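I have placed the structure first, in the form of structure tokens, so that the comments after it can refer back to it.
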Amino acid sequence: MVAVNNYDVVIIGAGAAGLAAGRKLHDAGKKILIVEARDRIGGRVHTTYDFADTPIELGAEFIHGENAATHDLVKQAGLHTIPVDRYGKLRWAQYSRPALPVNELPAELRATITGLFMHYRDLPKHAPQPDVSLGQYLRERGWNEEALKIADVLLAQTCCASLEALSCADLIREMRVDHAGKQEFRIKEGYGELLKWYSRDLPIQLNTSVRDVIWGEKGITVVTTREDYYARQCIVTVPVSILSRGSIRFNPPLSDDKQEAIAAFRTEPATKLIYRFHEKFWDDDLTFMCHTGLASRWWTPAYGHEGDNTAVIACFATAEKAQILDEQEENRALTWGLTELNWLLGTGERDLRKAAIDSRRVSWGFDAYARGGYAHLPPGESPAREVLARPEEGLLFFAGEATAYDTNPQTVHGALESGWRAAKECGV
Ligand SMILES: Cc1cc2nc3c(=O)[nH]c(=O)nc-3n(C[C@H](O)[C@H](O)[C@H](O)COP(=O)(O)OP(=O)(O)OC[C@H]3O[C@@H](n4cnc5c(N)ncnc54)[C@H](O)[C@@H]3O)c2cc1C
């Protein structure tokens with residue numbers, strides 16, 4: 001194929017990181033092209049507007065933190081946020097009993113939940129040397145296996161990992177650079193509207209998958225399923241799970257350090273089970289309820305929409321729990337979710353299967369361009385994050401949530417900030 005276009009910078013991927021890099025470079029007058037394999041922008045941000053009256057997030061849902069960079073964009077776009085106090089209003093269920101607010105739980109269980117959060121927050125004070133898993137750290141602080149099952153739901157599931165696979169050193173690194181804050185929000189109009197606004201007038205080539213990146217002093221050729229593109233610089237923002245599968249070939253190969261860093265990351269499945277009912281079986285104050293079951297964490301996507309009566313509830317499972325839900329036929333997984341929902345809501349004899357108008361499983365582990373939820377680092381591998389972010393020879397640059405070593409990885413705002421960082425490294 002003959003290269004048809006020359007660019008200052010070609011950006012691979014139109015997720016939050018790619019759009020952030022593209023926005024900065026384009027606004028600074030650079031000739032750029034964003035190349036995206038999907039038929040839509042957003043990547044792991046994907047809002048659907050046809051499941052319910054309110055926007056429903058199939059991917060990223062919350063803005064994590066009152067200071068997250070996302071808020072500035074929300075304001076500029078003229079959009080709105082809805083505060084959601086998930087952890088302050090947490091309800092927990094024991095075995096197959098209904099979920100109760102933490103302060104109504106038996107004293108011992110309440111002490112376990114608050115103690116686990118406290119030990120998690122205290123991680124930087126204890127900084128295990130050498131690095132150990134979060135599971136090991138908690139065990140060393142005296143928590144038994146029952147408590148660790150609770151920690152798995154409340155601490156590790158959020159990170160799309162198992163307790164035994166999460167590096168304490170990497171969690172501590174994040175706590176030290178965290179500037180986002182603890183409050184959480186949803187975007188009223190949906191994350192999709194934000195990225196639509198943010199990507200306005202950017203040159204984006206959809207339905208175009210990158211196969212090879214041939215790079216050297218004379219320039220870069222980005223070989224795609226559509227055309228070849230020439231550039232002086234290239235920003236790679238695809239998930240690290242895509243890089244580790246070798247879906248994009250680099251010629252010459254990336255440096256040994258970079259390849260080792262890529263290989264160090266793990267990306268586990270992440271699965272949402274989303275249900276819409278005729279009526280709400282829960283009170284308006286419900287934001288978050290959890291238990292140690294398979295469908296372990298539930299929330300109410302339409303929470304706080306003024307005057308809204310949308311009866312939608314969603315379960316978000318990750319790692320092994322998501323894998324088990326993914327291995328089942330979709331209807332079976334959705335039915336299992338309803339069984340556990342019945343316990344949690346205490347809806348007893350009511351047949352939730354009959355009451356559900358619509359339901360959907362969203363399995364990011366099956367997604368060809370994500371191959372899982374978001375990446376984490378196992379014990380001993382914490383330095384890989386910064387190495388993943390490092391440019392190669394001033395020609396190739398790297399952004400995306402996994403590269404967010406100086407902010408919060410695994411988040412949209414971390415991905416945005418990584419894109420801005422990469423644009424700066426390109427000279428803007
Ligand atoms: C289910 C789920 C829930 C989440 N919840 C939250 C949340 O509540 N809050 C939060 O802040 N974050 C959340 N996240 C994480 C957040 O979605 C990500 O951190 C962020 O969106 C990642 O952005 P990115 O640009 O790094 O990657 P992506 O969004 O994955 O963008 C990379 C892009 O590269 C494209 N691509 C891949 N391969 C190729 C190729 N060969 N050629 C061209 N293009 C390619 C992909 O299609 C994709 O569009 C969640 C993620 C998931 C999956």
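These numbers come from the heavy atoms of this one structure, side chains and all, not from hydrogens, waters or symmetry mates. For ligands, and for the atoms within them, numbers begin at 1 and follow the listed sequence. All values derive from a computational prediction rather than experimental measurement.
Relative to atom 39 (C) of ligand 1, the option among D39, V238, T70 with the closest non-hydrogen atom is V238. Taking each of R44, K272, H46 in turn, the one with a heavy atom nearest to atom 30 (O) of ligand 1 proves to be R44. Closest to atom 25 (O) of ligand 1 by heavy atom, among A317, S209, G373, A17, is A17.
Each of the following atoms of ligand 1 lies closer than 4.0 Å to a heavy atom of A415: 22 (C), 23 (O), 24 (P), 26 (O). Taking every heavy atom of G400 and a limit of under 4.0 angstrom, the matching atoms of ligand 1 come to 26 (O). The contact set between ligand 1 and G43, taken as ligand atoms under 4.0 Å from a residue heavy atom, comprises 29 (O), 48 (C), 49 (O). Atoms of ligand 1 found under 4.0 Å from any heavy atom of I248 (numbered from 1 in listed order, with element): 41 (N). The ligand atoms of ligand 1 that sit less than 4.0 angstrom from a heavy atom of G42 are 29 (O). Interface of V45 with ligand 1, defined as ligand atoms under 4.0 Å from a residue heavy atom, comprises 21 (O).
R186 forms no cation-pi arrangement with Y303, by the criterion of a distance under 6.0 Å to the ring centre and an angle within 45° of the ring axis. Judged by the 6.0 Å distance and 45° axis criteria, R297 is not positioned over the aromatic ring of W299.
Nearest non-hydrogen protein atom to atom 51 (C) of ligand 1 is Y374 CD2, 3.4 Å. Protein heavy atom closest to atom 15 (C) of ligand 1, with residue, atom name and distance, is Q410 O, 3.4 Å. Ranking the protein heavy atoms by distance from atom 31 (O) of ligand 1 puts G15 CA, 3.4 Å first. With respect to atom 34 (O) of ligand 1, the closest heavy atom belonging to the protein is G13 CA, 3.3 Å. The shortest contact between atom 14 (N) of ligand 1 and any protein heavy atom is with A60 CB, 3.7 Å. Among all protein heavy atoms, the one lying closest to atom 44 (N) of ligand 1 is A37 N, 3.2 Å. Among all protein heavy atoms, the one lying closest to atom 48 (C) of ligand 1 is E36 OE1, 3.5 Å. Among protein heavy atoms, atom 8 (O) of ligand 1 sits closest to F62 N, 2.8 Å.
For ligand 1, the polar-atom distance check finds no N/O of G18 at less than 3.5 Å from any of the ligand's N/O atoms. Of the polar atoms of E61, at least one N or O is found under 3.5 Å from an N or O of ligand 1, judged by distance alone. Between L58 and ligand 1, no N or O atom pair is found at a separation short of 3.5 Å. Of the polar atoms of T237, none of the N or O atoms is found under 3.5 Å from an N or O of ligand 1, judged by distance alone. Checked by distance only, ligand 1 and R38 come closer than 3.5 Å through their nitrogen or oxygen atoms. At a 3.5 angstrom cut-off on N or O pairs, V412 counts as close to ligand 1. At least one N/O-N/O distance between V210 and ligand 1 falls below 3.5 Å. Between A270 and ligand 1, no N or O atom pair is found at a separation short of 3.5 Å.
For K196, the NZ atom counts as loosely surrounded, since its 6.0 Å shell holds 12 or fewer non-hydrogen atoms of other residues, nucleotides or ligands. Around CD of E329, the count of heavy atoms belonging to other residues, nucleotides or ligands within 6.0 Å exceeds 12.
Residue contacts with ligand 1 leave out A20, since none of its heavy atoms falls under 4.0 Å from the ligand. Within the 4.0 Å heavy-atom cutoff, G59 counts among the residues contacting ligand 1. The shortest separation from a heavy atom of P239 to ligand 1 is under 4.0 Å, placing the residue in contact. Not a single heavy atom of I41 lies less than 4.0 angstrom from ligand 1.
The aromatic ring centroids of H71 and F185 lie less than 6.0 Å from each other. With ring centers used as reference points, F316 lies 6.0 Å or more from W364.
Atom CZ of R371 sits about 7.0 Å away from atom OG of S247, to the nearest 0.5 Å. Note that CG of D131 and CD of Q136 are 11.0 Å apart. Values are rounded to the nearest 0.5 Å. Note: R176 CZ to L123 CG = 9.5 Å, rounded to the nearest 0.5 Å.
Defined by atom type and a distance below 3.5 Å, a donor-acceptor pair is present between the side-chain atoms of T403 and R421.
Using the six-membered ring where Trp is involved, H64 and F62 have ring planes that are tilted, between 30° and 60° apart.
The pair D85-K182 does not meet the salt-bridge criterion, since no charged nitrogen lies less than 4.0 angstrom from a carboxylate oxygen.
In this structure a side-chain-to-backbone donor-acceptor pair under 3.5 Å is missing from R232 to I220. At distances below 3.5 Å, not a single donor-acceptor pair connects side-chain atoms of T221 with backbone N or O atoms of Y230. A distance-only check finds a donor-acceptor pair linking the side chain of E392 to the backbone of S255 [under 3.5 Å].
Considering L286, L105, L100 in turn, L286 is the only one that fulfils the side-chain contact (heavy atoms from CB on, under 4.5 Å) rule with R91.
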